[in-house]
Every structure is written in structure tokens, then in C-alpha cells.
S.K.: 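Have a look at this one before I ask anything.
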2 protein chains.
Amino acid sequence: MITQLLKDKRLRLTSFRKEVLQVFMDNDKAIAVSDIEDALNDFDRITLYRTIKSFIEKGLIHEIVMPGDVKKLALCAVDCNHEEGVHDHSHIHFQCKICKEVFCVDVPSLPNIDLPGYQIDEVEIQVHGVCEKCK
Amino acid sequence: MITQLLKDKRLRLTSFRKEVLQVFMDNDKAIAVSDIEDALNDFDRITLYRTIKSFIEKGLIHEIVMPGDVKKLALCAVDCNHEEGVHDHSHIHFQCKICKEVFCVDVPSLPNIDLPGYQIDEVEIQVHGVCEKCK
DNA sequence: TCATATTTGCAATATTGTTGCATTTATATA
DNA sequence: TATATAAATGCAACAATATTGCAAATATGA
């Protein structure tokens with residue numbers, strides 16, 4: 001499962017990468033670098049940063065940054081056709097103002113945005129509010 | 001003009017705040033903290049960070065963070081009814097993949113987002129593509 | 001099994017942002 | 001207009017986040 005995911009993205013199978021990817025699989029929400037650090041026993045911080053960078057470059061995970069919050073990371077959808085830094089996700093990013101957690105929420109389709117004069121490649125929607133658990 | 005803007009937001013008029021606000025007025029795009037530093041001659045970094053923080057808290061400017069880019073800042077619309085950290089902007093955030101600049105682009109209305117089970121307070125839309133100048 | 005390109009781990013360093021505290025300044029009001 | 005006072009500033013120290021270069025270790029294709 002994890003092995004196949006790394007192979008599909010043409011990333012060499014190393015035990016550290018498998019460990020890091022497992023942390024993402026264990027979470028149903030977006031996680032910060034510090035969350036990954038907490039989940040690992042013994043690791044090298046520089047290697048972690050490089051692992052994250054290569055996961056992003058290969059389209060395995062994506063960054064989510066909410067104003068006023070630390071950077072978070074989440075798995076890409078399996079069908080995300082990552083190309084030239086552009087992701088193709090049919091989900092929105094939701095942050096709960098109570099628990100502060102960030103979730104990728106699947107939606108049937110994203111609204112169509114039209115900006116006269118601009119070429120649009122990718123639309124990302126960030127929503128703030130209250131999640132199901134905190135309501 | 002600048003003076004009135006600060007008064008309206010109940011911020012004390014100091015020469016440093018006027019200088020920083022002027023930098024925002026001189027730009028039609030979102031700017032990074034480093035851009036402000038470059039535009040100022042002699043200043044204290046800590047005071048700059050505190051100035052930015054109070055501008056954000058009073059709803060004078062807002063943060064824009066695009067994945068893989070540094071944090072940027074832009075003036076809020078005059079009618080942004082900032083309350084409890086929630087901004088009310090009828091614009092989208094656009095980043096050009098060529099020049100990397102970030103712009104606030106006004107739109108007549110934002111699309112309505114519906115997420116069953118979630119309470120939605122604020123919607124922010126980030127678009128990537130090619131701007132008018134770079135096309 | 002081996003050659004090779006990739007990945008890792010370490011040291012050093014850069015960037016970005018915060019806290020505490022004494023001094024200075026803007027503003028309300030007497 | 002002078003002054004009391006609450007807010008803002010400037011400095012030192014520090015915390016958190018991230019990057020680069022390089023030698024050693026490892027994964028993978030042939």
C-alpha cells in the first residue's frame with residue numbers, strides 16, 4: 001500500500017520515507033511538520049524537510065497554509081494529476097475556528113471562477129467555520 | 001488620507017505607521033515583509049512585525065499565503081467589516097506562475113459554497129494562472 | 001553482484017518571528 | 001496648553017522554521 005504509493009510516484013523506497021508516509025496515512029486531517037516530528041521516534045530534521053520537499057514535488061502531498069496558522073500538509077488525492085506545480089484536487093480546505101484543525105473536504109465539483117484578462121490554471125478554496133465535531 | 005485610514009481603525013498616528021502604510025499604498029499588489037524592509041531606510045525589525053500585527057488585528061491589511069511562497073500582505077478593502085478575525089472581502093487572490101506576483105482581484109460576488117455538516121463563516125479563493133501582463 | 005545515482009546524517013548557517021523591559025511618544029482631558 | 005497615562009518603540013535575547021555543502025550509506029537497474 002505505502003510501498004506502492006511511493007513506487008507510483010517514482011520515489012525510492014527508504015524506511016524513513018515509509019515511516020513519514022505512514023504518519024500521513026494515520027491522520028484524516030492536515031498535519032504540521034511538528035506533528036510529524038512528534039510521531040517519529042528518532043529522526044534527522046534535515047532529512048525530514050527534504051522528504052517533505054520531494055513528496056510535494058512528486059505530488060504525493062500538498063501544502064495548506066491558512067492565514068495566522070503554521071503550514072500544514074496533507075495527502076493528495078490518488079487521481080491528482082500533479083504537473084508543473086499545479087495540483088488537481090476536487091476538495092476544499094476547511095479550518096475550524098474552534099479546534100483549529102484543517103481538513104480536506106471532498107466536493108462534487110469546484111465552482112467555476114472567471115476573471116476577465118487572466119488565464120486560470122488552478123483554483124483553491126479555503127473555508128473557515130465550525131466543523132461537525134465542534135458544532 | 002493615510003492619517004484618516006489609521007484614525008478610522010483606531011490606531012495611533014506614529015510616523016513609522018504612516019511610513020509602513022505608505023508602502024502598502026504605493027503597491028497595487030500583495031507584498032512580503034522583506035519588500036517593506038527594502039522600501040524603508042532605517043527601521044527596527046521588531047517594531048515592523050508589531051506594526052504588521054496591529055494592522056492585521058485592526059483590519060487594515062490581511063495575510064495571503066500561497067503554497068510554496070512566502071507570506072504576503074495586502075490592504076483590506078475599505079468596507080471590510082473585520083470582526084473576530086474574519087474578513088469580508090469580495091475579491092480573490094491570484095498568483096501568476098510567471099512573475100510570481102500576488103494580486104487581490106475584485107469580483108462581483110464570491111461563489112456560494114455548501115458543505116453539509118459544516119458551518120461556513122468565511123470563504124477565501126486562491127487562483128493560480130497567468131496574469132494580464134505575462135500572457 | 002556491482003556500478004551509480006540517490007538519499008541520509010551532520011555541521012553550520014539563514015530566515016522568520018517573538019518576548020521582556022526600559023524609554024519615548026501620542027492622545028485625551030483638565 | 002500642560003500633563004497624566006496608556007500605547008508604541010527600540011534593544012537584547014531567543015525561539016521556530018528552513019536551507020546548503022559534503023561525506024557516508026543505501027536503493028535500484030543492469
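Per chain, numbering begins at 1; letters A, B, ... match sequence-line order. We use all heavy atoms of the structure for the numbers below, so side chains are in, but hydrogens, waters and symmetry mates are not.
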S.K.: Figure out the NZ/P separation between B/Lys18 and D/dT9, and round it to whole Å.
M.R.: 12 Å
S.K.: Measure CD/A/Glu57 against C1'/C/dT6 and give the value in whole Å, please.
M.R.: 13 Å
S.K.: Nearest nucleotide by nearest heavy atom, which residue falls closer to the 5' end of DNA chain C, B/Leu13 or A/Phe16?
M.R.: A/Phe16
S.K.: Would you tell me if any nitrogen or oxygen in the side chain of B/Arg17 comes within less than 4.0 Å of OP1 or OP2 on D/dA8?
M.R.: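 Result: yes.
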S.K.: Tell me the interatomic distance from A/Asp44, atom CG, to D/dC22, atom P, rounded to whole angstroms.
M.R.: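 My rounded result for the distance is 18 Å.
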S.K.: Is the shortest side-chain heavy-atom distance between A/Pro67 and B/Glu124 below 4.5 Å?
M.R.: yes
S.K.: Could you check how far CG of A/Leu48 sits from C1' of D/dA16, rounded to whole Å?
M.R.: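 About 14 Å, once rounded to whole Å.
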S.K.: Under 6.0 Å between ring centres: does that hold for B/Tyr118 and A/Phe94?
M.R.: yes
S.K.: Could you verify whether a donor N or O on one side chain and an acceptor N or O on the other, from A/His128 and A/His93, lie under 3.5 Å apart?
M.R.: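 There is no such pair (donor and acceptor under 3.5 Å, judged by atom type) between the side chains of A/His128 and A/His93.
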S.K.: Atom CG of B/Leu11 to atom C1' of C/dT25: distance rounded to whole Å?
M.R.: 15 Å
S.K.: Hey, is the side chain of B/Thr47 poking within less than 4.0 Å of OP1 or OP2 on D/dG10, counting only N and O atoms?
M.R.: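 Result: yes.
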S.K.: Rounded to the nearest angstrom, tell me the gap between atom CG in A/Leu6 and atom C1' in C/dT7.
M.R.: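 Rounded to the whole Å, the gap is 13 Å.
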S.K.: Treating primed atoms plus P, OP1 and OP2 as sugar-phosphate and everything else as base, which nucleotides of nucleotides 11-23 of chain C get B, S or - for protein heavy atoms under 4.0 Å?
M.R.: B----BBBBB---
S.K.: What I'd like to find out is whether the side chain of A/Leu73 reaches to under 4.5 Å of the side chain of A/Ile56, using heavy atoms alone.
M.R.: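 Yes, their side chains come closer than 4.5 Å.
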S.K.: Given D/dC11, D/dT28, D/dA7, which nucleotide is nearest the side-chain atoms of B/Arg12?
M.R.: D/dA7
S.K.: For residues B/Leu5 and B/Lys7, determine if any side-chain heavy atom of one lies less than 4.5 Å from a side-chain heavy atom of the other.
M.R.: no
S.K.: For a 4.5 angstrom cut-off between non-hydrogen side-chain atoms, does A/Cys131 reach A/Ile98?
M.R.: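 A/Cys131 does not reach A/Ile98 side chain to side chain.
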S.K.: Check whether any side-chain N or O of A/Thr14 sits under 4.0 Å from OP1 or OP2 of C/dT8, and answer yes or no.
M.R.: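 So the side-chain polar atoms of A/Thr14 do come within 4.0 Å of the phosphate oxygens OP1 or OP2 of C/dT8, strictly under.
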S.K.: Within a reach of under 6.0 Å around NZ of A/Lys18, are more than 12 heavy atoms found that belong to other residues, nucleotides or ligands?
M.R.: yes
S.K.: Just the rounded figure in Å: distance from C1' of C/dT8 to CD of A/Glu19.
M.R.: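 From A/Glu19 CD to C/dT8 C1': 13 Å.
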